[in-house]
There are 2 protein chains.
Amino acid sequence: MTIESDELAPARKTGAALVDDLADRIRNRIMTGEIPIGAQLRQAELASDFGVSRTPVREALRQLQTSGLIEVLPNRGAVVSVPAPWDVREAYEVRAELEALAAARAVRRITRDQIEQLRVANREMYDYSLARSTGTAPDERDHRRSNDLFHTLIASISGNARLAKAINDINETFPRNVSAQLIVNDSRHRDENFREHERILQALADGDAERAAAEMRQHVVDAGEQLARWYELRSSTVFRGE
Amino acid sequence: MTIESDELAPARKTGAALVDDLADRIRNRIMTGEIPIGAQLRQAELASDFGVSRTPVREALRQLQTSGLIEVLPNRGAVVSVPAPWDVREAYEVRAELEALAAARAVRRITRDQIEQLRVANREMYDYSLARSTGTAPDERDHRRSNDLFHTLIASISGNARLAKAINDINETFPRNVSAQLIVNDSRHRDENFREHERILQALADGDAERAAAEMRQHVVDAGEQLARWYELRSSTVFRGE
DNA sequence: GGGTCGCTTTGTGGATCCAATCTTAAGCAT
DNA sequence: ATGCTTAAGATTGGATCCACAAAGCGACCC
């Protein structure tokens with residue numbers, strides 16, 4: 001908490017920090033649906049939005065391309081990738097295995113406090129989605145945050161940073177607003193999601209690594225199947241803009 | 001005067017293709033040990049080496065940074081990451097889980113021909129490393145290729161492109177010449193590696209998914225442990241250049 | 001009236017420019 | 001000799017420039 005005047009200037013980021021920051025902000029716009037699937041990304045527009053030149057924007061786009069979130073067409077710019085249902089299933093199968101491993105590892109390291117934290121996150125998520133469905137909450141972002149927290153907490157408790165990163169890498173491939181909306185809008189999905197989380201939690205609390213892994217694997221595969229179905233439906237529908 | 005053949009100019013790459021190509025070539029230099037661990041990467045040098053300007057080189061470096069192969073220090077350029085032993089263990093634990101999944105999936109899809117292909121790759125690898133240890137072969141690159149082939153083949157047979165990519169992403173984090181040298185130079189490691197591959201192969205041939213996964217998991221964890229030990233030894237030794 | 005050719009516009013992408021920063025080394029003082 | 005200050009050189013990193021490619025548009029020809 002220094003009163004140093006370094007605070008005055010917004011500490012203009014530079015280099016890798018700037019590029020990563022730009023990538024984050026662009027990714028966020030996609031994750032929340034602000035930039036919809038299939039939309040074009042104009043370098044000049046992004047650059048002026050963020051108050052930088054096109055150079056760092058291009059580097060950020062290149063990163064997003066590597067992660068698969070966007071596709072860059074030669075001389076024609078970048079578009080937000082439209083996930084193929086089969087790709088969703090493949091990705092979620094991998095994610096399921098990784099999160100299962102995370103849950104199994106977490107059993108040996110989780111504390112009583114952390115279990116309570118997870119319980120709170122799960123309860124919060126349920127409350128948010130209920131509020132949303134009754135029209136109280138304005139958007140699904142709170143819900144998404146709580147749901148993400150549940151999973152990232154377990155990943156971090158696993159104590160394997162690489163594992164957490166691998167899981168995150170896969171998640172960053174698909175816009176998150178879609179899966180959030182699925183849970184929020186469909187009461188069956190909502191309840192099921194809540195109960196699956198509860199079961200995972202119980203296994204963690206019981207110290208049963210085997211069961212925690214199995215429950216987690218099933219949970220993620222289920223979620224992937226829901227998401228894949230949504231994209232299937234979408235692609236079979238006549239496109240009519242966002 | 002130049003002949004009007006477009007063939008002479010090697011179809012100059014551009015855009016993503018160029019950047020990916022540069023990243024590949026730089027990664028290769030690191031993987032083979034041509035650029036050793038901890039070495040500096042100068043943008044201008046790489047640019048002139050590859051006959052391009054610094055702009056695409058920087059984008060390529062950014063990609064390698066994201067994958068973790070190099071570290072970029074603000075205003076001070078990039079250096080090849082020096083893997084920490086604990087990071088190696090973590091990464092290989094993840095890789096083990098992924099490859100185990102790949103092996104389990106491969107059981108249901110593998111053909112008789114592919115089993116034979118794997119057997120050949122494994123045999124080749126053994127022959128290469130024997131030749132190397134008796135001084136016949138000049139380097140470990142052939143060995144590395146065969147070993148990589150064994151693993152990438154199984155990953156691709158799994159039929160899950162995401163899975164193959166996830167495995168590859170982890171592998172690209174660590175220079176490969178080290179693990180190859182380990183196997184080539186130590187006859188105990190060499191024999192063990194060969195036999196572990198054989199056991200995986202047998203499980204695949206028997207159609208036993210459970211065992212294939214278990215054998216593969218063990219094999220990768222073992223390899224990771226060897227590699228981690230090597231880096232431990234290295235870091236505890238007084239640095240004396242490469 | 002439909003299709004094709006060519007011009008114009010828009011945007012990407014590598015090359016270049018220059019400011020900012022880090023490193024090195026020399027100079028100066030203690 | 002040691003340590004601090006400062007000037008020069010090297011290198012990064014964002015901004016700008018310009019060549020090229022692709023989509024849009026209109027005129028012209030059949």
Side-chain angles (χ1 to χ4, degrees), chain A residues 4-6 8-26 29-30 35-36 38-67 69-81 239 241, chain B residues 2 4 6 8-26 29-30 35 38-66 69-81 239 241:
Chain A
E4 284 298 323
S5 51
D6 292 341
L8 287 184
R12 178 150 202 84
K13 301 201 179 202
T14 177
L18 172 60
V19 174
D20 289 350
D21 188 53
L22 290 176
D24 272 352
R25 290 161 83 172
I26 298 172
R29 289 192 175 185
I30 297 173
I35 301 178
Q40 282 261 338
L41 295 167
R42 299 270 164 239
Q43 297 179 358
E45 189 183 347
L46 294 170
S48 76
D49 275 9
F50 297 130
V52 294
S53 82
R54 282 172 45 213
T55 311
V57 169
R58 275 175 53 192
E59 293 181 24
L61 289 179
R62 200 66 81 191
Q63 283 192 342
L64 298 179
Q65 177 204 14
T66 305
S67 78
L69 186 60
I70 69 175
E71 278 166 53
V72 176
L73 303 107
N75 288 313
R76 297 208 283 129
V79 296
V80 181
S81 303
F239 180 78
Chain B
T2 62
E4 284 289 330
D6 294 333
L8 286 183
R12 180 149 202 84
K13 301 199 178 202
T14 179
L18 172 59
V19 174
D20 288 349
D21 187 52
L22 289 176
D24 271 352
R25 291 161 81 172
I26 298 172
R29 288 192 176 186
I30 297 173
I35 302 178
Q40 282 261 340
L41 294 168
R42 299 266 164 242
Q43 297 179 0
E45 189 183 348
L46 293 170
S48 77
D49 274 10
F50 298 130
V52 294
S53 83
R54 281 172 44 215
T55 310
V57 169
R58 274 173 52 190
E59 293 180 22
L61 289 179
R62 199 68 80 192
Q63 283 192 343
L64 298 180
Q65 177 204 15
T66 305
L69 186 61
I70 68 175
E71 278 166 52
V72 176
L73 303 107
N75 287 315
R76 297 207 284 131
V79 296
V80 181
S81 303
F239 181 77

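Residue A/I26 comes nearest to A/A60 through the heavy atom pair CD1-CB, 4.4 Å, listed as atom of the first residue, atom of the second, then distance. Closest approach of A/P56 to A/L18, counting heavy atoms only: CB-CD2, 4.1 Å. Of all non-hydrogen atoms in A/V57 and A/Q43, the two that sit nearest each other are CG1-O, 4.1 Å.
Looking at heavy-atom distances under 4.0 Å, B/L61 makes no contact with the nucleic acid at all. Among the atoms of the strands shown, only primed sugar atoms or phosphate atoms (P, OP1, OP2) are found under 4.0 Å from some heavy atom of B/R42. Within 4.0 Å of B/L22, counting heavy atoms only, lies no atom of the nucleic acid at all.
For B/R76, a side-chain nitrogen or oxygen approaches OP1 or OP2 of C/dT23 to under 4.0 Å.
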Could you list the donor-acceptor pairs under 3.5 angstrom formed between side-chain atoms of residues 69-77 of chain A and any protein atom two or more places apart in sequence or on another chain?
unit_1: A/E71; atom_1: OE2; unit_2: A/S81; atom_2: OG; d: 3.4

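Between B/Q43 and A/R54, the residue whose closest nucleotide on DNA chain D is further toward the 5' end is B/Q43.
If you measure from atom CG of B/N75 to atom C1' of C/dA19, you get 11 Å, rounded to the nearest angstrom. The CG atom of A/L46 sits 12 Å away from the P atom of C/dG11 (whole-angstrom rounding).
Partners of A/R42 according to the salt bridge (charged side-chain N to carboxylate O under 4.0 Å, His left out) rule, which considers only residues two or more places apart in sequence or in another chain, do not exist here. Evaluation of the side chain to side chain contact (heavy atoms under 4.5 Å, CB included) rule for A/A39 yields A/I35, A/P36 as partners, not counting sequence neighbours.
Where DNA chain D meets chain A (any atom under 4.0 Å from a heavy atom), the bounding nucleotides read 5' to 3' are D/dG13 to D/dA23.
Applying the salt bridge (Lys or Arg N to Asp or Glu O under 4.0 Å) test to every pair with at least one member in residues 44-54 of chain B, sequence neighbours left out, gives these pairs: B/R29-B/D49.
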Subject >> side-chain contact (heavy atoms from CB on, under 4.5 Å) assessment of A/D20 paired with A/K13 >> reply: CA-CA 10 Å; A/D20 289 350; A/K13 301 201 179 202; over 6 Å; no
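Each end of the helix from C/dG1-D/dC30 to C/dT30-D/dA1 gets its own axis from five base pairs, and the two axes differ in direction by 10°, given to 10 degrees.
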